[in-house]
Amino acid sequence: MDPYEKGLLKRVPCSKKTNILSTLVAIMDTEVERRGLRLIPSYTRVLLANEIHELIITDEKEAGPGKEVNSIGYLGFIELKKGGVIAVGDRVSLEGKVIGEIAGFDETHMPNHQNIIIKSERKVTGTGLNAQPGNRIVIG
């Protein structure tokens, strides 16, 4: 039984955790208006060092676990330098500048990679953020 699907957990269960450290390995420059990402009900995911995952930005204010997200900008792919637990509400920074917070996770491409959705004031792509391969992304 998944406690998130059963509605037993309504918030992030972690009280303290370390940051996720990563670098961008690919920058994206595409926006989509009707993507139809279905965020899973879970508030957390475990990410391992050396894994590669995709970062996607949305400006949808209601984006969160169990919701559908349509308006997106693709930021890019990150390689994790240090693994850990990622949680809804975690701040995401690019080279020290906060770009948004974790809204949830989409498993469309699993087990290849996790789609990690970032809620931001504005939808933007990696190119729009002037992101570069090798830039540091910190989540936490």
Restricting to non-hydrogen atoms, name the atom on Glu68 and the atom on Asn70 that form the minimum distance, rounded to 0.1 Å.
OE2-ND2, 3.2 Å
Donor-acceptor contact below 3.5 Å, side chain Ser120 vs main chain Ile99
yes
CD1 (Ile118) and CD1 (Ile116) are apart, to the nearest 0.5 Å, by 7.5 Å
Going only through I, L, V, M, F, W and Y residues with side-chain contacts under 4.5 Å, is there a path from Tyr74 to Ile78?
no
What distance do Leu39 atom CG and Phe105 atom CZ have between them, rounded to the nearest 0.5 Å?
9.0 Å
If you measure from CD1 on Ile117 to CD1 on Ile102, what distance do you get to the nearest 0.5 Å?
8.5 Å
Could you go through Arg45 and Glu107, starting from their C-alpha distance and side-chain angles, then the distance that decides it, and tell me whether this counts as salt bridge (charged side-chain N to carboxylate O under 4.0 Å, His left out)?
CA-CA 11 Å; Arg45 294 283 86 186; Glu107 296 185 331; 3.2 Å; yes
Answer yes or no: is there a donor N or O on one side and an acceptor on the other, between the side chain of Ser22 and the main chain of Ile137, under 3.5 Å?
yes
Once you round to the nearest 0.5 Å, how far does CD1 of Ile72 lie from CE of Met28?
8.5 Å
Can you name the closest pair of heavy atoms from Ser71 and Asp59 and give their distance?
OG-OD1, 3.2 Å
Between atom CD1 of Ile139 and atom CD1 of Ile86, what is the distance when rounded to the nearest 0.5 Å?
4.0 Å
Can you list the steps and then say if Leu75 with Ile56 is a side-chain contact (heavy atoms from CB on, under 4.5 Å)?
CA-CA 5 Å; Leu75 193 164; Ile56 298 171; over 6 Å; no
As a quick check of understanding, evaluate side-chain contact (heavy atoms from CB on, under 4.5 Å) for Glu62 and Lys119, giving each step before the final call.
CA-CA 9 Å; Glu62 300 301 315; Lys119 189 178 347 183; over 6 Å; no
Atom NZ of residue position Lys67 - does it have more than 12 heavy atoms of other residues, nucleotides or ligands inside 6.0 Å?
no
Same cluster or not: are Val98 and Val138 linked, directly or through other Ile, Leu, Val, Met, Phe, Trp or Tyr residues, by side-chain heavy atoms under 4.5 angstrom apart?
no
Is a donor on one side and an acceptor on the other found under 3.5 Å between the side chain of Lys81 and the backbone of Leu21?
no
Between Thr108 and Arg35, the two heavy atoms sitting closest are CG2-NH2, 4.2 Å
Do Val69 and Val92 belong together in a cluster built from hydrophobic side chains that touch within less than 4.5 Å?
no
Qualifying residues under side-chain contact (heavy atoms from CB on, under 4.5 Å), relative to Ala131, sequence neighbours excluded
Leu24, Ile27, Leu94, Asn135
Looking only at heavy atoms, the pair that brings Ala87 and Thr44 closest together is CB-CG2, 3.9 Å
Assigning hydrophobic clusters by single linkage (Ile, Leu, Val, Met, Phe, Trp, Tyr; side-chain heavy-atom cutoff under 4.5 Å), is Ile40 placed with Leu47?
yes
Mark yes or no for whether Thr58, through its side chain, and Glu60, through its backbone, hold a donor-acceptor pair below 3.5 Å.
yes
With sequence neighbours excluded, what pairs up with Arg122 under the side-chain contact (heavy atoms from CB on, under 4.5 Å) test?
Val124, Leu129
List the atom of Pro65, the atom of Ala103, and the distance in Å for their closest heavy-atom pair.
CD-O, 3.4 Å
Minimum side-chain heavy-atom gap Thr125-Thr30 below 4.5 Å
no
Could you walk me through whether Phe77 and His113 pass the ring pair (Phe, Tyr, Trp, His ring centres under 6.0 Å) check?
CA-CA 9 Å; Phe77 287 87; His113 68 273; 5.2 Å; yes
SB check Glu101 Arg91 (cutoff 4.0 Å)
no
Student check: side-chain heavy atoms of Glu51 and Glu79 closer than 4.5 Å
no
To the nearest 0.5 Å, tell me how far Asn50 CG sits from Leu48 CG.
9.0 Å
Looking at Glu95 and Lys97, does any basic side-chain N land under 4.0 Å from a carboxylate oxygen?
no
Heavy atoms, side chains only, cut-off 4.5 Å: are His53 and His109 in contact?
no
